2 protein chains.
Amino acid sequence: MFYLYRVKTTQNIKIAVDAVVFGYDTSNGLSLLLIRRKFDPYQGSWALPGGFVLDAESLEEAVTRELKEETGVHINYLEQLYTFGSPKRDPRQRIVSVSYFAIVRESAHQEPEATTDASDAAWFNVTELPNLAFDHQTIVNTAIERLRSKVRYNPVGFELLDTKFPFSDLEKLYSSLLDRPVDRRNFKKKIMSLGILDELNEKAPHKGAGRPGRLYRFNRKRYDELVRDGFHFEL
Amino acid sequence: MFYLYRVKTTQNIKIAVDAVVFGYDTSNGLSLLLIRRKFDPYQGSWALPGGFVLDAESLEEAVTRELKEETGVHINYLEQLYTFGSPKRDPRQRIVSVSYFAIVRESAHQEPEATTDASDAAWFNVTELPNLAFDHQTIVNTAIERLRSKVRYNPVGFELLDTKFPFSDLEKLYSSLLDRPVDRRNFKKKIMSLGILDELNEKAPHKGAGRPGRLYRFNRKRYDELVRDGFHFEL
DNA sequence: GCAAAAGTGTTGGGCCTACACCCATGC
DNA sequence: GCATGGGTGTAGGCCCAACACTTTTGC
């Protein structure tokens, strides 16, 4: 099909994407990937990685590209979060930001590269975030809320852990995300009864003292099958 | 503050909002408000109400304005749904649509006005929708999914009913949304134990045969208090 | 051998499910 | 008086929460 007419609106709004990228490790807890802004406004401030959408790319492609350009990290999970569009959120001109929620796995949770696009990129513990540019703190709050509620009925939590992990890591993760102690025996009983974890014949490498734990692996194939059959969990 | 610089991106993308507006009544079930397009593309097709965002208004203001202009109905509940932005979703040029999920209360669920902006506006039963313009069927599917999952842990369901309603209306609503029979006694026990419904000393007006039921009213104040104290329900 | 973390079962109570008969009203 | 829909209670099973001691490892 070929269309002659054009859209008649004159509109002076730009579209950007921003990503709230979570990482986790057992000793430091939940952390977030930020970049330092090279240019005004908010030059030198920390901000979410992101940028303008190119005319020919999808929104997901835009986030993926920006993340690669600005931080170099490998993204493991990505979903759309919310669109922030109040007229005054950017002092230059109106910019609507489609925000995304992303997770980087622990093993890939290494030093981000400082690239040409951002003067710096670094992980921050979510409890010790610096002041953020624009309305990015609001976006971060929305993302944390999403993460906290989502882990209760969806296995996104496993995206935060290494592919193989000792059971206690999972327990610590949930205990920290849900912000309450988790009973070890009850939690293990419940998770194992879901049948979505494979128990491996390997033990965790030692870190400090204590008995090393057996390793487990999330079985996505099995999980997807269960979901197809109407399965639903709730923690 | 006064800024001299401008945004450097040249971007040829427009921003629109679209609304999936739900209505409900006990006899016809769940319905959806559509407009008939006056202009190409998809002239004459049914589509979601919506339109371009003006430079100075927020996204919510844009949806509210468009709904008023195109349908004249009074919106009772509004939340952002999802942002659809694939490059080819509009044949004219790239348009990113921030979609909204809206509810019109049964009592206000009257004939929409045909206004100057749309050649026609009408309610359709969700099970008998016409072919929709653009990717609007995808948006509708997303909205229905959201509604179905949301009623299970959030009192949006009450927004679909009249402010005063007989208990059986609530039961029918849930049974239709959850797409399974609901045990009358168990359902009532559960809902009443939440303490978020006021039992009124009024009986429902007669419609046809049968004993008239007592009327109930959702107590939002009480609900908000409970939520503040960490309350959460699950059906 | 001691410090640190992993592994492991049982019991009581509460909640959820299943289930059927009588009541109020209109015609 | 009959048809239609409203209103009501109980019993069994399942799931969830509470709870503590033993084992393995490093040092």
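Convention: sequence-line order gives letters A, B, ...; per-chain numbering from 1. Side-chain atoms are counted along with the backbone in the values below, which use heavy atoms only and exclude waters and symmetry mates. Here the structure is a predicted model, which means the values were calculated and not measured.
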Hey, which of these two, B/R184 or A/E171, hits DNA chain C nearer its 5' end, going by closest nucleotide?
-> A/E171
Does A/K190 put a side-chain nitrogen or oxygen below 4.0 Å from OP1 or OP2 of D/dC16?
-> yes
Rounding to a whole Å, what distance do you find between A/K188:NZ and C/dG9:C1'?
-> 13 Å
If you check every side-chain atom of A/R214, which of D/dA18, C/dG7, D/dG7 has the closest atom?
-> C/dG7
Roughly how many Å is it from CG in B/N186 to P in D/dG12, rounded to a whole number?
-> 16 Å
Could you give the distance from CG (A/L215) to NZ (A/K203), rounded to the nearest 0.5 Å?
-> 10.0 Å
Should the ring pair B/F187 and B/Y174 be called parallel, tilted or perpendicular, given that the plane angle runs from 0 to 90° and is split at 30 and 60?
-> tilted
Of all the nucleotides listed (D/dA17, C/dA6, D/dT25), which has the minimum atom distance to the side chain of A/P212?
-> D/dT25
Rounded to whole Å, the CE-C1' distance (A/M192 to C/dG7) equals 13 Å
Determine, stepwise, if the pair B/E69 / B/R65 fulfils salt bridge (Lys or Arg N to Asp or Glu O under 4.0 Å).
-> CA-CA 6 Å; B/E69 287 174 7; B/R65 176 181 53 73; 3.3 Å; yes
Among D/dT4, D/dT25, D/dG5, the one nearest B/R211 by side-chain distance | D/dG5
Phosphate contact (C/dA24 OP1 or OP2) by B/K203 side-chain N/O below 4.0 Å | no
Could you walk me through whether B/F165 and B/F218 pass the ring-ring contact (aromatic ring centres under 6.0 Å, His included) check?
-> CA-CA 9 Å; B/F165 54 87; B/F218 174 55; 8.7 Å; no
Are any of A/S168's side-chain N or O atoms less than 4.0 Å away from OP1 or OP2 of C/dA5?
-> no
Identify which nucleotide among C/dA24, D/dC19, D/dT25 has an atom closest to any side-chain atom of A/R185, counting heavy atoms from C-beta outward.
-> D/dC19
Rounded to whole angstroms, how far apart are CD1 on B/I191 and P on D/dT8?
-> 15 Å
Taken to the nearest whole Å, CG/B/L170 to C1'/D/dG6 is 15 Å
Nucleotide nearest A/K189 when distance is taken to its side chain, options C/dA20, D/dA20, D/dA18 = D/dA18
